[in-house]
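Working notes for the structure below.
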Amino acid sequence: MDAIDRLIEKHGPANICAALMSMMTPERIARIESVLDARLTSVVTCVEDTYDPHNAAATIRTTEALGLQELHVIEPESRFSASQGVTRGAHRWIDLARWPTAETAIAALHARSFRVYATAPGATVSIEDVDVTTPIAIVFGNEHDGVTETAIAACDGAIVVPMFGFTESYNLSVTVGLAMSRVATRRRAYINAAGDLDPDRRARLRARWFALRIRGVVGILERHFS
């Protein structure tokens, strides 16, 4: 929770938005609302022990661009560090959850009724036929070793991204893009909606995104409410 989140918690999302509304153009507000409409919380990207900063950044950027709100990071060995130039600010718009082990990350997702699948080259289920009738999280391994056996054992199953050439694997960021795009598309078709934010989360995100668009917003809000 950062300073903006603390202000939202203290004063409420509606009051934050009301305080900032006059500083926002109608076009900017409309853009925020359209992104909120398409925000998907029931499809989650999860990466394990990713140490290449460019791949880490590309994962953030892809997750946000696909309209997914959460990126879960398992970092038992190497801390997830993204190249800021590659994210192009995408990290500001999503929720990044950090976990010390695969077991804790996957258990937390299971507690929220997610089915969790590891990506594995030899899997018999593909991104085209994995079950998307419930919330779903996909775990991706690092650039050299893939998903660990520990993580695979904690998952509900394994899936594969189809390949049709001689190359044995995609780059990590490409795999994330291909898999999450297809799974998100199928999930949206199943729920017959572009997004699935509940009203409370939508209100909080709206307030946060209003605030992120304004320079010096913490000071502005503190003076306003004082």
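Hydrogens, waters and symmetry mates are skipped; everything else that's a heavy atom, side chains included, is used.
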What verdict does the side chain to side chain contact (heavy atoms under 4.5 Å, CB included) test give for Met180 and Thr63, after you've listed the backbone C-alpha separation in whole Å, the side-chain angles of each residue and the deciding distance to 0.1 Å? CA-CA 8 Å; Met180 300 313 293; Thr63 295; 5.8 Å; no

By side-chain hydrogen bond (donor to acceptor under 3.5 Å, both in side chains) - contacts of Thr62 (at least two apart): none

Quick one: does any side-chain atom of Glu48 pair with a main-chain N or O of Ala151 as donor and acceptor, under 3.5 Å? no

Tell me every residue that passes salt bridge (charged side-chain N to carboxylate O under 4.0 Å, His left out) with Glu103, counting only those two or more places apart in sequence or in another chain. none

Here the pair of heavy atoms bringing Val147 nearest to Ala118 is CG1-CB, 3.9 Å

In terms of hydrophobic clusters joined by side-chain contacts under 4.5 Å, are Val139 and Val176 together? no

If you measure from CD1 on Ile94 to OG1 on Thr45, what distance do you get to the nearest 0.5 Å? 8.0 Å

Euclidean distance, Thr133 OG1 relative to Ile191 CD1, rounded to 0.5 Å: 12.0 Å

Nearest 0.5 Å please: distance from the CD1 atom of Ile32 over to the CG atom of Leu205. 10.5 Å

Of all residues at least two apart in sequence or in a different chain, which pass the side-chain hydrogen bond (donor to acceptor under 3.5 Å, both in side chains) check with His224? none

Applying side chain to side chain donor-acceptor pair (under 3.5 Å) as the test, list every pair that has at least one member in residues 6-32; sequence neighbours left out. Glu9-Arg204

Do you know which two heavy atoms are closest between Ala137 and Phe114, and how far apart they sit? N-CD2, 3.9 Å

Nearest 0.5 angstrom please: Leu212 CG to Ile4 CD1, how far? 4.5 Å

Are Leu172 and Met163 connected in a single hydrophobic cluster, I mean Ile/Leu/Val/Met/Phe/Trp/Tyr linked by side-chain heavy atoms less than 4.5 Å apart? yes

Looking at residues at least two apart in the chain, or sitting in another chain, which of them share a side chain to side chain contact (heavy atoms under 4.5 Å, CB included) with Ala179? Ile127, Phe140, Val161

Val183 with Leu68, same ILVMFWY side-chain cluster at under 4.5 Å: yes

Pairing residues for Glu128 by the salt bridge (charged side-chain N to carboxylate O under 4.0 Å, His left out) criterion, not counting sequence neighbours: Arg182

Nearest heavy-atom neighbours spanning Asn142 and Asp49: CB-O, 2.9 Å

What pairs with Asp129 under salt bridge (charged side-chain N to carboxylate O under 4.0 Å, His left out), at least two apart in sequence or on another chain? none

Residues pairing under salt bridge (charged side-chain N to carboxylate O under 4.0 Å, His left out) where one sits in residues 213-226, two or more places apart or in two chains, turn out to be none

Results of side-chain hydrogen bond (donor to acceptor under 3.5 Å, both in side chains) for Thr150 - residues two or more places apart only: none

dist Ile16:CD1 -> Leu221:CG (nearest 0.5 Å) comes out at 4.5 Å

Scanning both residues in full, the closest heavy-atom pair of Leu66 with Gly177 reads CD1-O, 4.4 Å

Please find the pair of heavy atoms, one from Ser126 and one from Pro162, that lie closest to each other, and give the distance. CB-CG, 4.2 Å

State yes or no: do Ile220 and Phe210 share one hydrophobic cluster built from I, L, V, M, F, W and Y residues joined by side-chain heavy-atom distances below 4.5 Å, directly or via other members? yes

Check whether any side-chain heavy atom of Val116 sits under 4.5 Å from a side-chain heavy atom of Cys46, and report yes or no. no

Shared hydrophobic cluster, Val73 / Ile136 (ILVMFWY, side-chain heavy atoms < 4.5 Å): yes

For Ala105 and Ile74 the tightest heavy-atom approach is CB-CG1, 3.8 Å

Can you list the residues that meet the salt bridge (charged side-chain N to carboxylate O under 4.0 Å, His left out) rule with Asp2, with sequence neighbours excluded? Arg208

What side chain to side chain donor-acceptor pair (under 3.5 Å) pairs are there with at least one residue in residues 111-124, not counting sequence neighbours? Glu70-Arg112, Arg115-Asp131

Please list, one pair per line, the donor and acceptor atoms closer than 3.5 Å that link side chains of residues 37-44 to other protein atoms, with sequence neighbours excluded.
{"unit_1": "Asp37", "atom_1": "OD1", "unit_2": "Arg202", "atom_2": "NH1", "d": "3.0"}
{"unit_1": "Asp37", "atom_1": "OD1", "unit_2": "Arg202", "atom_2": "NH2", "d": "2.8"}
{"unit_1": "Arg39", "atom_1": "NE", "unit_2": "Gln69", "atom_2": "OE1", "d": "2.7"}
{"unit_1": "Arg39", "atom_1": "NH1", "unit_2": "Glu64", "atom_2": "OE2", "d": "3.0"}
{"unit_1": "Arg39", "atom_1": "NH2", "unit_2": "Glu64", "atom_2": "OE2", "d": "3.0"}
{"unit_1": "Arg39", "atom_1": "NH2", "unit_2": "Trp93", "atom_2": "O", "d": "3.1"}
{"unit_1": "Thr41", "atom_1": "OG1", "unit_2": "Asp196", "atom_2": "OD1", "d": "2.9"}
{"unit_1": "Ser42", "atom_1": "OG", "unit_2": "Arg187", "atom_2": "NE", "d": "2.9"}
{"unit_1": "Ser42", "atom_1": "OG", "unit_2": "Asp196", "atom_2": "OD2", "d": "2.6"}

